[in-house]
Amino acid sequence: MEIEIKKLDPAAVIPSYQHGSNEDAGMDLCSIEAGTIKPGEYKLFKTGLAIGLPDGYMGKVCPRSGLALDHGVTVLNAEGTIDPAYRGEIGIVLINQGAKPYQIETGDRIAQLIIEEYKKVTWKIVQQLDTTTRGSGGFGHTGK
């Protein structure tokens, strides 16, 4: 699949698969900004990129597992959604849930981008839904 991408800043890095397109679902997104995130703090980091997604496809901005495990840094609104009509700069809101400040440098890989097909829905209003084994049981109803 070919998707249009525009570099809005000379420091922008085109997203890429680290292990090849057949092995990875996500492409790394890099920051064009440096900054420190203190524990409990969140900040927006710009990528310097805009993309032209076709109708029926969305971009998902997902955390990088290494940042989360090693530093407690993750994407605040994970998974962030890039709508197909959006043509602005991709930004990533990172939060530091770790115990120490974390420094982001220009060019650091800070998130992953996954392109995914989705279906549009229309709602059918009904008086009753079909029954299932689970029914309306939710939040912890099955125990530990």
Side-chain angles (χ1 to χ4, degrees), residues 1-125 129-130 132-144:
M1 173 176 210
E2 188 173 77
I3 295 177
E4 293 179 345
I5 190 165
K6 181 178 180 181
K7 287 179 82 167
L8 304 172
D9 187 283
V13 177
I14 301 298
S16 64
Y17 298 103
Q18 289 300 301
H19 299 104
S21 62
N22 292 331
E23 297 182 22
D24 294 336
M27 296 169 274
D28 287 331
L29 289 169
C30 299
S31 177
I32 60 166
E33 306 177 290
T36 301
I37 313 171
K38 298 174 187 167
E41 184 178 44
Y42 56 89
K43 285 187 178 179
L44 173 68
F45 288 88
K46 296 178 180 181
T47 64
L49 299 170
I51 58 177
L53 293 169
D55 189 38
Y57 287 85
M58 62 178 278
K60 292 190 331 187
V61 177
C62 302
R64 292 193 65 236
S65 57
L67 277 181
L69 177 63
D70 297 340
H71 306 285
V73 174
T74 190
V75 177
L76 180 61
N77 62 325
E79 300 165 340
T81 301
I82 303 171
D83 292 310
Y86 180 65
R87 295 297 184 265
E89 184 171 9
I90 297 171
I92 301 161
V93 181
L94 294 179
I95 185 167
N96 183 350
Q97 297 178 326
K100 299 176 187 175
Y102 185 75
Q103 179 67 33
I104 301 288
E105 300 295 343
T106 300
D108 279 359
R109 297 178 294 147
I110 59 172
Q112 294 184 76
L113 175 63
I114 298 173
I115 305 300
E116 188 172 278
E117 188 174 12
Y118 68 90
K119 301 274 186 200
K120 296 254 185 174
V121 301
T122 57
W123 295 107
K124 178 182 175 183
I125 299 172
L129 298 174
D130 62 328
T132 65
T133 305
R134 180 176 178 171
S136 61
F139 300 108
H141 81 281
T142 58
K144 273 185 148 181

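For the single chain, residues carry numbers from 1 onward in sequence order.
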Determine whether more than 12 heavy atoms belonging to other residues, nucleotides or ligands lie under 6.0 Å from atom NZ of Lys43.
yes

Locate the shortest heavy-atom distance separating Ala25 from Ile114; write the atom from each residue and the value.
O-CG1, 3.8 Å

Look up atom OG1 in Thr81 and atom OH in Tyr118, then write down how far apart they are to the nearest 0.5 Å.
10.0 Å

Taken to the nearest 0.5 Å, the spacing of Leu113 CG from Ser16 OG works out to 11.0 Å

Indicate the atoms forming the closest heavy-atom contact of Pro101 with Pro39, along with that distance.
N-CD, 3.7 Å

Return yes if some donor-acceptor pair links the side-chain N/O of Ser31 with the main-chain N/O of Glu33 below 3.5 Å, else return no.
yes

Is the number of heavy atoms from other residues, nucleotides or ligands under 6.0 Å of Lys7 NZ greater than 12?
yes

Could you please spell out the steps behind the side-chain contact (heavy atoms from CB on, under 4.5 Å) verdict for Gln112 and Asp28?
CA-CA 4 Å; Gln112 294 184 76; Asp28 287 331; 3.9 Å; yes

Side-chain donor/acceptor of Glu79 to backbone N/O of Cys62, under 3.5 Å
no

Can Glu89 and Ile32 be said to form a side-chain contact (heavy atoms from CB on, under 4.5 Å), step by step?
CA-CA 11 Å; Glu89 184 171 9; Ile32 60 166; 3.8 Å; yes

Counting only heavy atoms not in Tyr86 (residues, nucleotides, ligands), do more than 12 fall under 6.0 Å from its OH?
yes

Ala11 backbone acceptor or donor facing Asp9 side chain under 3.5 Å
yes

Non-hydrogen side-chain atoms of Leu94 and Val75 separated by less than 4.5 Å
yes

For the residue pair Leu53 and Ile82, what are the closest heavy atoms and their distance?
CD1-O, 3.6 Å

Output for pair (Lys38 NZ, Asn96 CG), nearest 0.5 Å, gives 11.5 Å

Residues Ile92 and Ala111: closest non-hydrogen pair is CD1-CB, 3.7 Å

Pairwise side-chain contact, Leu8 with Thr47, heavy-atom cut-off 4.5 Å (strictly under):
no

4.5 Å side-chain heavy-atom contact, Tyr102 and Leu67
yes

So, applying side-chain contact (heavy atoms from CB on, under 4.5 Å) with His71, which one of Val73, Leu69, Thr74 is it?
Val73

Can you tell me how far the CD atom of Glu117 sits from the CG atom of Asp55, to the nearest 0.5 Å?
10.0 Å

In terms of heavy-atom contacts, Ile115 and Gly59 come closest through CD1-CA, 4.2 Å

Apply side-chain contact (heavy atoms from CB on, under 4.5 Å) to residues Phe45 and Ile37 and explain how you reach the verdict.
CA-CA 11 Å; Phe45 288 88; Ile37 313 171; 3.6 Å; yes

Rounded to the nearest 0.5 Å, what separation is found between the CD1 atom of Ile90 and the CG atom of Leu29?
6.0 Å

Tightest non-hydrogen contact, residues Pro15 and Met27, listed as CB-CB, 3.7 Å

Any donor-acceptor pair under 3.5 Å linking the side chain of Asp24 with the backbone of Tyr17?
no

Thr36 and Ile104: side-chain contact (heavy atoms from CB on, under 4.5 Å), yes or no, with the steps?
CA-CA 6 Å; Thr36 301; Ile104 301 288; over 6 Å; no

